[in-house]
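Each residue takes its place number in the sequence, starting with 1.
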Amino acid sequence: MDTAAAVADAFRDEWGRVVATLIRLFGDWDLAEECAADAFAAAVRLWEDDGVPERPGAWLIAVARNRAVDVLRRERTGAEKLRTLAATTASDNTDSEYPGSADQAADDRLMLMFTCCHPALSLEARVALTLRTLAGLTTVEIARTFLASEDTMAKRLVRAKRKIRDAGIPYRVPPPGLLGERLPGVLGVLYLLFTEGYSASAGSELTRVDLSAEAIRLARMLVQLMPKEAEAAGLLALLLLQDSRRAARLDADGHLVTLENQDRSLWNAGQIAEGLRLLNQRRPQGPYQLQAAIAACHCAAARAADTDWPRIASLYGSLARMVPSPVVELNRAVAVGMADGPAAGLALADSLAASGALPGYYLLAATRADLLRRLGRYDEAAVAYTEAMGQAPTEVEKNFLGKRLLEVSI
């Protein structure tokens with residue numbers, strides 16, 4: 001492996017660990033990110049001549065820590081932080097390379113994840129901080145995700161870190177009494193990140209593979225750090241099973257392919273196997289486990305005609321009772337439409353439309369259009385397809401709806 005590839009692999013695997021360790025040691029988010037970046041820059045220079053160290057993560061942490069100490073020694077305000085470092089290091093099980101045990105490394109990343117996803121921060125700030133500190137995305141990359149300018153995103157990140165500092169938000173994993181309350185917030189951030197990558201909210205592309213891949217990596221990290229948390233495993237299973245279909249979602253010309261028409265030989269068998277293994281370890285009970293079970297029904301069907309739609313409709317019913325949501329109800333309408341016929345599905349979709357619960361949500365109009373098309377009510381379907389086209393977020397989806405509109409208009 002060449003040096004560039006080794007540094008790239010280390011960045012993907014170790015960035016969050018390095019930053020988390022430095023935040024624990026020094027309590028300074030900006031210093032941690034700056035010195036972590038310096039350590040990776042040093043790796044680019046030194047690994048070429050010296051070779052890749054046996055423990056790249058330990059090497060990077062040692063270099064970043066030493067760099068932070070140098071910075072603090074030059075600052076008047078650094079003395080207190082250095083005293084804190086000395087006390088922390090003395091209490092750790094340390095060796096010459098890495099400050100803290102393997103368990104401490106896991107705790108550091110968990111603490112960082114829960115701090116980034118603290119409920120006192122806005123949802124947007126939680127996602128941005130997670131991308132920056134755990135995934136190592138640049139401000140420019142994060143700004144692109146939010147369709148914001150680099151300057152705007154930089155200010156949002158500064159405000160989020162300032163709020164953590166000024167509000168005294170603790171850098172820790174919540175105590176057992178609060179863990180159940182806080183874990184869903186972490187899972188929600190990772191799911192939102194995946195969803196933005198799997199079905200982009202704007203632009204010419206349907207997917208952002210980098211974002212969905214990062215969400216899966218972070219979800220896998222969370223499962224490794226919290227192996228007894230069933231919902232963490234459920235989320236990872238859900239992401240893997242959904243992402244397994246990514247290669248079949250577009251045809252060779254870049255046009256959207258519906259689930260029923262996808263070439264299932266293109267689905268990622270490895271991801272499906274891992275997702276099913278995670279899911280089959282326990283009976284689905286939480287919302288992410290239920291959603292993973294729904295995805296598993298699709299993955300288990302060799303052909304679209306073999307899909308167990310009654311079970312999917314039942315699972316959506318359980319999910320709707322657990323987490324009342326108009327989006328869940330819309331998905332249940334689709335499943336009922338497949339299990340019991342389009343008229344039954346349309347009745348549920350029309351009820352949602354009448355409630356006004358999903359204003360401007362293009363998938364509601366698109367669902368109604370499809371159900372009307374299947375009932376042969378083409379004039380009404382054309383109206384619904386036109387509405388959905390006006391609301392669709394990406395050009396790929398607009399083009400697909402336009403083709404369907406043409407079919408019912410002939």
Side-chain angles (χ1 to χ4, degrees), residues 191 194-195 197-199 206-207 209 212-213 215-216 219-220 223 230 233-320 327-328 330-346 348 363 366-367 369-371 373-375 396-397 400 403-404 407:
Y191 185 63
F194 174 83
T195 301
Y198 190 71
S199 296
L206 178 66
T207 62
V209 177
S212 53
I216 290 172
R220 186 176 278 116
V223 170
L235 174 67
L236 178 57
L238 171 61
L239 303 192
L240 288 166
L241 294 171
Q242 285 190 332
D243 196 63
S244 71
R245 305 194 295 263
R246 176 164 42 85
R249 295 179 68 207
L250 299 175
D251 65 18
D253 297 319
H255 297 139
L256 184 66
V257 181
T258 60
L259 181 60
E260 62 182 330
N261 293 319
Q262 286 176 10
D263 179 354
R264 299 185 177 217
S265 69
L266 297 176
W267 290 4
N268 188 312
Q271 287 183 311
I272 292 173
E274 184 181 358
L276 293 177
R277 188 165 57 250
L278 286 162
L279 187 62
N280 291 336
Q281 291 173 357
R282 48 184 66 86
R283 179 174 174 272
Q285 293 180 324
Y288 290 109
Q289 295 171 75
L290 285 170
Q291 291 177 79
I294 292 167
C297 287
H298 291 295
C299 292
R303 304 174 303 151
D306 299 330
T307 305
D308 189 349
W309 284 109
R311 173 161 169 74
I312 291 175
S314 174
L315 287 167
Y316 270 123
S318 298
L319 184 61
V327 174
V328 173
L330 178 59
N331 287 327
R332 187 168 76 89
V334 173
V336 168
M338 297 299 294
D340 301 331
L346 182 62
L348 293 175
L363 288 176
T367 297
D370 185 66
L371 292 166
R373 176 184 63 83
R374 290 169 55 197
L375 288 167
V396 172
E397 288 156 309
F400 170 79
K403 289 174 61 178
R404 282 291 171 88
E407 291 172 8

*Asks:* By side-chain contact (heavy atoms from CB on, under 4.5 Å), which residues pair with Leu363, not counting sequence neighbours?
*Replies:* Leu330, Tyr361
*Asks:* Mind checking the OG-CG spacing from Ser212 to Leu240? Nearest 0.5 Å is all I need.
*Replies:* 11.0 Å
*Asks:* Can you tell me how far CG of Leu319 sits from CG of Asn331, rounded to the nearest 0.5 angstrom?
*Replies:* 8.5 Å
*Asks:* Any non-hydrogen side-chain atom of Asp243 less than 4.5 Å from a side-chain atom of Asn268?
*Replies:* no
*Asks:* Could you tell me which non-hydrogen atom of Ala343 sits nearest to which non-hydrogen atom of Leu375, and how far apart they are?
*Replies:* N-CD2, 3.9 Å
*Asks:* Checking Arg332 side chain against Gly345 main chain: does a donor-acceptor pair fall under 3.5 Å?
*Replies:* no
*Asks:* Quick one: CG on Leu266 to CZ on Arg249, what's the gap to the nearest 0.5 Å?
*Replies:* 13.5 Å
*Asks:* I'd like to check the salt bridge (charged side-chain N to carboxylate O under 4.0 Å, His left out) partners of Arg220; sequence neighbours left out, ordered by chain and number.
*Replies:* Glu274
*Asks:* Return the minimal non-hydrogen interatomic distance between Ala219 and Leu236, and the atom names on each side.
*Replies:* CB-CD1, 4.0 Å
*Asks:* Using only atom types and a distance under 3.5 Å, with no angle test, would you say the side chain of Ser314 pairs donor to acceptor with the backbone of Pro310?
*Replies:* no
*Asks:* Side chains of Gln242 and His298: does their closest heavy-atom pair fall under 4.5 Å?
*Replies:* no
*Asks:* Indicate yes or no for a side-chain donor-acceptor contact from Asp251 to the backbone of His255 under 3.5 Å, with no hydrogens or angles considered.
*Replies:* yes
*Asks:* Please collect all salt bridge (Lys or Arg N to Asp or Glu O under 4.0 Å) contacts where either partner lies in residues 253-269, sequence neighbours excluded, each pair once.
*Replies:* none
*Asks:* Grab the two heavy atoms, one from Ala296 and one from Leu279, that are nearest each other, plus how far apart they are.
*Replies:* CB-CD2, 3.7 Å
*Asks:* Compare all side-chain heavy atoms of Gln271 with those of Leu241 and state whether any distance is below 4.5 angstrom.
*Replies:* no
*Asks:* With sequence neighbours excluded, tell me which residues meet salt bridge (charged side-chain N to carboxylate O under 4.0 Å, His left out) with Asp306.
*Replies:* Arg303
*Asks:* Determine the minimum heavy-atom distance between Ala230 and Gln289, stating which atoms define it.
*Replies:* CB-NE2, 3.7 Å
*Asks:* Supply the atom-to-atom distance Ile272 CD1 to Cys299 SG, rounded to the nearest 0.5 angstrom.
*Replies:* 4.0 Å
*Asks:* Which pair of heavy atoms, one from Leu348 and one from Ala333, lies closest together, and at what distance?
*Replies:* CB-CB, 3.7 Å
*Asks:* Is any side-chain heavy atom of Leu239 less than 4.5 Å from a side-chain heavy atom of Leu235?
*Replies:* yes
*Asks:* What's the spacing between Lys403 NZ and Glu407 CD if we round to 0.5 Å?
*Replies:* 7.5 Å
*Asks:* What residues, two or more places apart in sequence or in another chain, satisfy salt bridge (charged side-chain N to carboxylate O under 4.0 Å, His left out) together with Asp370?
*Replies:* Arg373, Arg404
*Asks:* Under a 4.5 Å cut-off applied to non-hydrogen side-chain atoms, are Trp267 and Gln262 in contact?
*Replies:* yes
*Asks:* Go through the structure and list residues passing side-chain contact (heavy atoms from CB on, under 4.5 Å) with Ala335, not counting sequence neighbours.
*Replies:* Trp309, Ile312, Ala313, Tyr316
*Asks:* For Leu238 versus Ala295, what's the shortest heavy-atom pair and its separation?
*Replies:* CD1-CB, 4.3 Å
